[in-house]
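The structure appears right after this line, and notes come after that.
Computed from a prediction, not measured in an experiment: that's the story for all the values here.
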Amino acid sequence: MKRTYIIFSLFLAILMVSCAKVDNVQPSPSAGENDWMYDVNLPVPILFGSGNMLTKSTISTLEDLAGQDIGVYALDKNAEKWNGDGNSVYLDNAEAFYDPSSRTIQFGTSRSYPETLYYPAVSDVSLDFYAYCAEGAYDFTVGDDAVTAVVPFGQNDILWAFASASDKMKDYTLYSGYNADYIRTFPDAKPKLAFSHPAAVLRFCAMKASSPSRANIRIENVHLHEMALNGTLYIAERIRTKENQGQLRFVEGVNTRGVLSLKTEDMSKALRSEGVLLGHMFVLPEPDLEQIVGKVRLTIDGQTIESDLTVNPEQLGAVVSGFISGYTYNLMLCVYDDGTVEVVPDLRDTLPN
């Protein structure tokens, strides 16, 4: 009877290890921080190396990520499909944040509430990591071939990141993806998230165009017409070409069009001849869109006026037509005393406060 109990207990222990999940495996209280590198019985923590920014926007450096909510996915890079297989989606929109002290992405909601997540105990799955930062994102969907979310456009920056392991050889063994064996064998080869900006960015500045001018001119708002109000962000794509991965697309029946408005505190500033920064608008990249039209609502000496607005990338000096992902279009709204608004390129990086 005792022998049967021992055999059953051994079988149960093996079963528990083989089925271990990221939220079920915890190190022993006596384990040191790096003991997992030498003790195969300890779980391997998921740690990120220092990432980087591939493009610039209002969030231009890793330090700008501080205080931003980040979501992380860890997906089986070799899965035939993601939807319906519990092992292929290892991290499903896990909460994360940027830690300035270590210059890395950490799991949890903030430095006050950190969390440690671990690789699967059995290294039979190779993971790719995906991350995004988009305030107000909703309708997260894990499909057979893609992970998507609906992202609202407007004043908030949008970021996307990806990390995939490079093939490495050691002792005649090929390691080809992030898992416990890979990290334990190459502890310095941590995943590094490279962030890009999938939206197109319109940077609005404004100045008095009439000279000399004593008119008191204030811009109340800028409205852009027939704009995508939201877009589908392809967080991950399984298909080999991955032409949509990390991109924002307009999906009929999911995304909508309407009026986008620019609203910032700087709208209350009276215009000067040297110009003021109004704010940024993050919009759907549309390479085939030749121009954007809208209205500028302003007051001149207390009288409200609405003027037409046309934004044309070619007139702004863009080398390619349309509105392109990751590009920032610097617009200067030149406002004349009669309320006419002319859009010209603004080549300055900074403006007087």
- prompt: Are any of the side-chain heavy atoms of Val151 and Tyr138 separated by less than 4.5 Å?
  reply: no

field: Nearest-0.5 Å distance, CE of residue Met37 to CZ of residue Arg184
entry: 10.0 Å

task: Enter the distance from Glu342:CD to Met332:CE here, rounded to the nearest 0.5 Å.
output: 11.5 Å

query: Honestly curious: do Tyr327 and Leu262 fall in one hydrophobic cluster under the side-chain, below-4.5 Å linking rule?
result: yes

message: Is any side-chain heavy atom of Tyr234 closer than 4.5 Å to one of Val147?
response: no

Exam field: side chain Gln245 to backbone Ala146, donor-acceptor pair closer than 3.5 Å: no

- request: Establish whether Leu331 and Val319 are linked, either directly or via other cluster members, by ILVMFWY side-chain heavy-atom contacts under 4.5 Å.
  value: yes

message: Pair Thr109, Asp69 - check side-chain contact (heavy atoms from CB on, under 4.5 Å), show working.
response: CA-CA 7 Å; Thr109 56; Asp69 295 328; over 6 Å; no

message: Main chain of Asp181, side chain of Thr185: is a donor-acceptor contact present, judged purely on distance under 3.5 Å?
response: yes

query: What distance do Glu226 atom CD and Ile292 atom CD1 have between them, rounded to the nearest 0.5 Å?
result: 11.5 Å

- request: May I ask you to decide if Asn78's main-chain N or O and Asp76's side chain share a donor-acceptor pair within less than 3.5 Å?
  value: yes

message: Please evaluate residues Val222 and Phe204 with respect to the criterion side-chain contact (heavy atoms from CB on, under 4.5 Å), reporting the C-alpha separation (whole Å), side-chain torsions for both, the decisive distance (0.1 Å), and the verdict.
response: CA-CA 9 Å; Val222 177; Phe204 287 92; 4.0 Å; yes

query: Which heavy atom of Leu316 sits nearest a heavy atom of Asn330, and at what distance?
result: CD2-O, 4.0 Å

query: Would you say Phe97 has more than 12 foreign heavy atoms packed within less than 6.0 Å of its CZ?
result: yes

query: Which atom pair, heavy atoms only, marks the closest approach of Lys208 to Arg214?
result: NZ-C, 4.2 Å

message: If you apply the rule side-chain hydrogen bond (donor to acceptor under 3.5 Å, both in side chains), what do you find for Glu63 with Tyr98, and how did you get there?
response: CA-CA 8 Å; Glu63 281 63 34; Tyr98 175 73; 3.2 Å; yes

- prompt: If you take all heavy atoms of Ala189 and Lys168, which pair is closest and at what distance?
  reply: CB-CE, 3.8 Å

- line: Here the salt bridge (Lys or Arg N to Asp or Glu O under 4.0 Å) pairs for residues 248-258, sequence neighbours left out, are Arg257-Glu286

- request: Measure the shortest side-chain to side-chain distance between His225 and His223 over non-hydrogen atoms and say whether it is less than 4.5 angstrom.
  value: yes

message: Would the distance check show the side chain of Arg297 and the main-chain N or O of Ile219 forming a donor-acceptor pair, the cut-off being under 3.5 Å?
response: no

query: Under 3.5 Å, side chain of Trp160 to main-chain N/O of Ile235, donor-acceptor pair present?
result: yes

- request: Check the pair Trp82, Asp145 against side-chain contact (heavy atoms from CB on, under 4.5 Å), reporting the backbone distance first and the verdict last.
  value: CA-CA 6 Å; Trp82 287 326; Asp145 298 321; over 6 Å; no

- prompt: Applying salt bridge (Lys or Arg N to Asp or Glu O under 4.0 Å), which residue pairs with at least one partner in residues 87-97 are found, sequence neighbours left out?
  reply: none

query: Roughly how far, to the nearest 0.5 Å, is CG of Asp167 from OG of Ser176?
result: 5.5 Å

query: Less than 4.5 Å apart, any side-chain heavy atom of Leu260 and any of Phe153?
result: yes

task: Could you pull out the closest heavy-atom pair between Pro285 and Ser325, with the gap in Å?
output: CB-N, 3.6 Å

task: Classify the ring geometry between Tyr182 and Tyr178 as parallel (under 30°), tilted (30 to 60°) or perpendicular (over 60°).
output: perpendicular

- request: May I ask you to check whether over 12 heavy atoms, not counting those of Glu290, lie within 6.0 Å of atom CD?
  value: no

Residue pairs, two or more places apart or on separate chains, that pass side-chain hydrogen bond (donor to acceptor under 3.5 Å, both in side chains) and touch residues 301-313: Lys295-Asp308

task: State the CE-CZ distance between Met207 and Arg272, to the nearest 0.5 angstrom.
output: 11.0 Å

Please output the side-chain donor-acceptor pairs of residues 39-49 that fall under 3.5 Å, not counting sequence neighbours, one pair per line with the distance.
from: Asp39; atom 1: OD1; to: Asn41; atom 2: N; distance (Å): 2.9
from: Asp39; atom 1: OD1; to: Asn41; atom 2: ND2; distance (Å): 3.4

- prompt: Heavy-atom distance under 4.5 Å between the side chains of Tyr73 and Phe140, does that happen here?
  reply: yes

With a cut-off of 3.5 Å and sequence neighbours excluded, list every side-chain donor-acceptor pair involving residues 125-133.
from: Asp128; atom 1: OD1; to: Ser164; atom 2: OG; distance (Å): 2.8
from: Tyr132; atom 1: OH; to: Asn93; atom 2: OD1; distance (Å): 2.7
from: Tyr132; atom 1: OH; to: Asn93; atom 2: ND2; distance (Å): 3.4

task: Apply the test side-chain contact (heavy atoms from CB on, under 4.5 Å) to residues Leu333 and Leu278: give CA-CA distance (whole Å), side-chain angles for both, the deciding distance (0.1 Å), then the verdict.
output: CA-CA 10 Å; Leu333 307 183; Leu278 300 179; 4.1 Å; yes

- line: Hits for side-chain hydrogen bond (donor to acceptor under 3.5 Å, both in side chains) against Ser210, two or more places apart or cross-chain, chain-then-number order -> none

query: Are the side chains of Glu220 and Thr299 in touch, meaning some heavy atoms are under 4.5 Å apart?
result: yes

message: For the CG atom of Asn244 and the OG1 atom of Thr232, what is their distance to the nearest 0.5 Å?
response: 10.0 Å

Expected output: side-chain Lys170 to main-chain Phe186 donor-acceptor under 3.5 Å: no

field: Transitive ILVMFWY side-chain link Tyr336 to Leu309, under 4.5 Å
entry: no

- prompt: When hydrophobic residues are tied together by side-chain contacts of less than 4.5 Å, even through go-betweens, does Leu229 share a cluster with Val150?
  reply: no

field: Non-hydrogen atoms of Ile158 and Pro198 that approach each other most closely
entry: O-CD, 3.4 Å

message: Test of understanding: clusters of I, L, V, M, F, W, Y form through side-chain heavy atoms closer than 4.5 Å, transitively. Do Leu289 and Phe282 belong to the same one?
response: no

- request: Examine the side chains of Ser213 and Asp337 and answer whether a donor and an acceptor come within less than 3.5 Å of each other.
  value: yes

field: Phe107 vs Pro114 side-chain heavy atoms within contact, under 4.5 Å
entry: no

- prompt: So, does Glu115 use its side chain to make a donor-acceptor pair with the main chain of Gly108 at under 3.5 Å?
  reply: no

field: Side chain to side chain, Pro313 and Tyr329, heavy atoms closer than 4.5 Å
entry: yes

- prompt: Hey, are Ser101 and Asp99 close enough side-chain-wise for a donor-acceptor pair under 3.5 Å?
  reply: yes

- request: Could you check Arg203 against Asp346 for salt bridge (charged side-chain N to carboxylate O under 4.0 Å, His left out), going step by step and ending with a plain yes or no?
  value: CA-CA 9 Å; Arg203 177 178 179 265; Asp346 178 31; 3.2 Å; yes

task: Kindly give the heavy-atom pair with the smallest separation between Arg111 and Pro100, and that separation in Å.
output: CD-CD, 4.3 Å

